[in-house]
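Beneath this line is the structure, given in structure tokens, with notes to follow.
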Amino acid sequence: MSGVARAVREKVEPGLRTAWEVTLPDHAEVVKVSPDGTRVAAAAVSGPIEILDAQSGASLARPAGHRMGTTTLAWSPDGRLLVSGGQDGRVRAWDGVTGEPVRELDAGHPWVTAVAWSGDGRMLATAAGRELRVWGTDGDMRAGWTNAASSISDIGWKPGSTILASSGYGGLTLARPGGDKPPRVFEWKGSVLALLWSPDGRFIATGDQDSTVHFWYAQSGRDLQMWGYETKVRDLAWDATSRYLATGGGSEVVVWDCSGKGPKGSTPKMLQTHQSFVSALAYQHAGRLLVSGGFDGLLGLWAPNRTRKALATLEVDGAVSRLAWAPDDHWIAVGSSLGSVARLDVA
Amino acid sequence: MTPPSVPQIEYQPEPAPVDDRVPVTVLTGFLGSGKTTLVNRILTEQHGKRIAVIENEFGEVGVDQELVIGAEEEIFEMNNGCICCTVRGDLIRILGNLMKRRDRFDAILIETTGLADPGPVAQTFFVDDEMQARLRLDAIVTMVDAGHIDQHLGVEREAKEQIAFADVILLNKTDLVDAQRLDDLERRIRGLNSAARVHRTQQAAVDLDHILDVGGFDLSRALEVDPAFMEPEYPFEVVSLYELPMGSYELVLDPGPDPTMNVLLGALERADAAAVDERLMERVLAFSDEAFWVRSGEGIAPGRGLHRLTLAPEPMRFTVMVDPGGVFGLYTEHRPDEYGLRLVGPDGPVEPVDRLEYAPQHQHDREIGSVGINVPGEVDADRFQEWMRVLLREKGTDIFRSKGIVAVKGDPNRFVFQGVHMLFGGTADRPWGEGERHSSMVFIGRNLDREALVSGFTACLA
């Protein structure tokens, strides 16, 4: 009997259902779900920020954001603060519920590209132009340095560690802020657009301007370069097990398998449903499902470990700009180029 | 997965659909040429257009309806080692962000620093898919300070390159020099770039229609921008048309400014411009052949090819034997009137039926210049594409710009192309009109080999 029940359950694939939808005044540049799953923060490219109730989509607060545009958002791990950066060179911390301004930091350059909390919530890294700064929760700057080669395109803390990686033209820089060791530089003569640590901290994956993906072994600094993408690669997503890396850079979602000897020489899985380039990717926090979004407005839900067919698809108006899974993996927050922000329940 | 290869030649047989991408103007020019004055005019004057300005440094932000963003001039080489893939990383970031906004701009102006190479800026719009999808590189506008450009042209490689790259040249601060000087400067500029449109300005006062949305990189509008485009340079300045019965003549010259002069006497079907046109490329090629050196007292013969006259400080006479008689063109490297050049027959001086001028009026630069090719007839599509592919691969570093309109055998539509260094794109344009079919193109760059370009292209003729 139980065998039959299992077979039936396997045939019922999850679907996507819109729970609510709101509209920002402009292109949804960032969409982030709070760590407790109760709120969704979203920023319009022109600057305004919304904090939304995750159940109803009701607006809880509207932090002013940044003149000239908001570029990045990050929830503190305890969910109490929402930090934003923008094209006014400022990083602002807002109360995560009321939206009241709490603190303002000078990122050192007018264009803030990224902000990232360390896993323990004790440090906030900000990248603006060539300036990388690390701040304590009291708002004091703990460390800061200037990237020699170019503006910093992305930053990321090693999971469970205080090592911070930053990327730009010329490769990656790894450093422990406040430590006495000089930063390690992983050199590559090209422009890195995005970096993402594997959850186990073994790899740093990068997406590059010249239509390549790199796997960097964080321990040795050795790298693998993957050629043949249709366009520049900006979207990367690791699955929870650190086995699969999903990448954009074309109209197909390319999934590399890093088990065993790693992705070197392997043939990736190619997932097809999008009619134009992939624009957003997100893996579940604990589960095996991947969601992809495209410039065509299509959303695809996938279980790449077992099938190359999309489990479900859904279309939004405009292009999909951002995707984020709720902490419980039951729903997805999606942003679009026309400014819509929606909650899609996976059931 | 295989490494990407460049360059790529895209032959699209169908005319392109209407282009609704936002036009981007790149403003180059040396420090002090007036770029800032022009940008300030654009930001403060009432012109009814919404224009985003990318400045070369972080300045003040947001003047009324315009948007001003500072840039970093970060030049990224792509990892495949091809010069054409040198791009401006900061522009990809800034413009990518700008294009997401609901705010729509009529035009975008990018100001570069004084010493900037326009190559990477231009290439950014062809190499990056996102840029190419949303934005259209419209024109490179180079500002020139009439009072100081002489100094710059003498020493700074960048000054010449900025002029060579341009679709539009603003000869600014014309109040600082006299008219004669301005004419000289304009000739010098034309010597570097025969295809650009030159506007003279004071205080950078120029009609915005001359610098925004002018279509400098628009395939089908390439010729609109280039008034001199159809007048490629020739190795002779004048063709004098004579009707000569059989007999012995003398070519008589007075001393002039040059030590030698190339001349060619060639038969023509008729004594009119169309007859000269029919044999124009043949004669251009003959001018690149080795010349017979001749001195005063020696002879010139029709159909014998190119002669190089050794010019003496006293009057010279060269014998010309015409047998049989007919219509002839006398192709001369310099203007006949500079030497009092005349043809004297058995019955006295013979007046030409007509004189056609091919004087480019350009002042030539040894390193940087333009080569124009204008040939009646059609090309073989395969040979032409192969020639361009190899040419741009091997010489693309030195060829800053290329553009042209080609008659392809078997295709009723004009084939138009545009290139920046090794990047090249071509498309089918409107159909040819009655009797229009010919091929014209111009290459602008460093150390261009005119003869090689002309003969390479001629070999593609069907």
Side-chain angles (χ1 to χ4, degrees), chain A residues 24-29 44-47 67-71 86-89 109-111 113 129-130 149-151 153 168-170 188-193 208-214 225-232 234 249-250 254 267-268 270 276-277 279 295 318-319 321 337-339, chain B residues 1-6 8 52-55 57-63 66-105 120 123-124 126-134:
Chain A
L24 302 180
D26 208 329
H27 173 107
E29 177 72 356
V45 68
S46 53
R67 200 167 57 96
M68 295 291 291
T70 299
T71 51
Q87 290 173 50
D88 54 1
H109 182 277
W111 191 301
T113 30
R130 293 164 189 246
S150 79
S151 293
S153 58
Y169 179 60
W188 174 63
K189 197 177 175 187
S191 175
V192 178
L193 301 175
D208 311 317
Q209 174 73 35
D210 68 351
S211 308
T212 61
V213 162
H214 277 72
Q225 177 165 289
M226 305 311 190
W227 289 99
Y229 284 90
E230 285 178 82
T231 188
K232 59 184 170 185
R234 276 180 306 197
V254 178
T267 305
M270 313 287 275
S276 55
F277 291 159
S279 55
F295 286 101
S321 61
S337 63
L338 299 179
Chain B
M1 301 197 129
T2 52
S5 63
V6 281
Q8 290 177 345
V53 176
I54 317 288
E55 289 195 320
E57 58 192 330
F58 271 91
E60 273 307 300
V61 157
V63 186
E66 278 80 13
L67 180 70
V68 184
I69 305 170
E72 312 277 314
E73 300 229 337
E74 291 185 334
I75 293 173
F76 292 176
E77 271 174 56
M78 306 295 275
N79 198 41
N80 52 24
C82 169
I83 183 185
C84 68
C85 295
T86 307
V87 299
R88 282 274 304 274
D90 57 325
L91 289 181
I92 294 174
R93 186 184 72 240
I94 292 167
L95 294 172
N97 183 280
L98 199 58
M99 287 299 98
K100 290 175 185 169
R101 292 166 186 252
R102 189 154 293 172
D103 275 351
R104 286 289 146 208
F105 294 93
Q123 286 163 183
T124 305
F126 299 97
V127 168
D128 187 276
D129 295 320
E130 195 180 14
M131 300 293 102
Q132 198 163 24
R134 312 293 292 277

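Lettering of chains follows the sequences in order, A, B, ..., and the numbering in each one begins at 1. Just so you know, these numbers come straight off a predicted model, no measurement behind them.
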- Message: Given heavy-atom pairs under 4.5 angstrom as the criterion, report whether the side chain, backbone, both or neither of A/F295 touches chain B.
- Response: neither
- Options A/V45, A/T267, A/D88, ranked by heavy-atom pairs under 4.5 Å with chain B, top entry: A/V45
- Minimal heavy-atom distance between B/D129 and A/K232, with the atoms involved, is OD2-N, 4.5 Å
- For the side chain of A/Y169 and the backbone of B/I75, is there at least one donor-acceptor N/O pair under 3.5 Å apart? no
- Looking only at heavy atoms, the pair that brings A/S46 and B/R101 closest together is CA-NH1, 4.0 Å
- Message: With a 4.5 angstrom heavy-atom cut-off, is it the side chain or the backbone of A/T113 that approaches chain B, or both, or neither?
- Response: side chain
- Is the side chain of B/E74 donor-acceptor paired with the backbone N or O of A/S151 at a distance under 3.5 Å, no angle test? yes
- Do B/N97 and A/E29 touch side chain to side chain, with heavy atoms closer than 4.5 Å? yes
- Does some side-chain heavy atom of A/D210 sit less than 4.5 Å from a side-chain heavy atom of B/F76? no
- Message: Is there a side-chain contact between B/D128 and A/Q209 in this structure, where contact means two heavy atoms from C-beta onward sitting under 4.5 Å apart?
- Response: yes
- Task: Evaluate side-chain contact (heavy atoms from CB on, under 4.5 Å) for B/E72 paired with A/W111, printing each intermediate quantity in order.
- Result: CA-CA 11 Å; B/E72 312 277 314; A/W111 191 301; over 6 Å; no
- Query: Taking side chain as C-beta onward, heavy atoms only, is B/E130 less than 4.5 Å from A/T231?
  - Reply: no
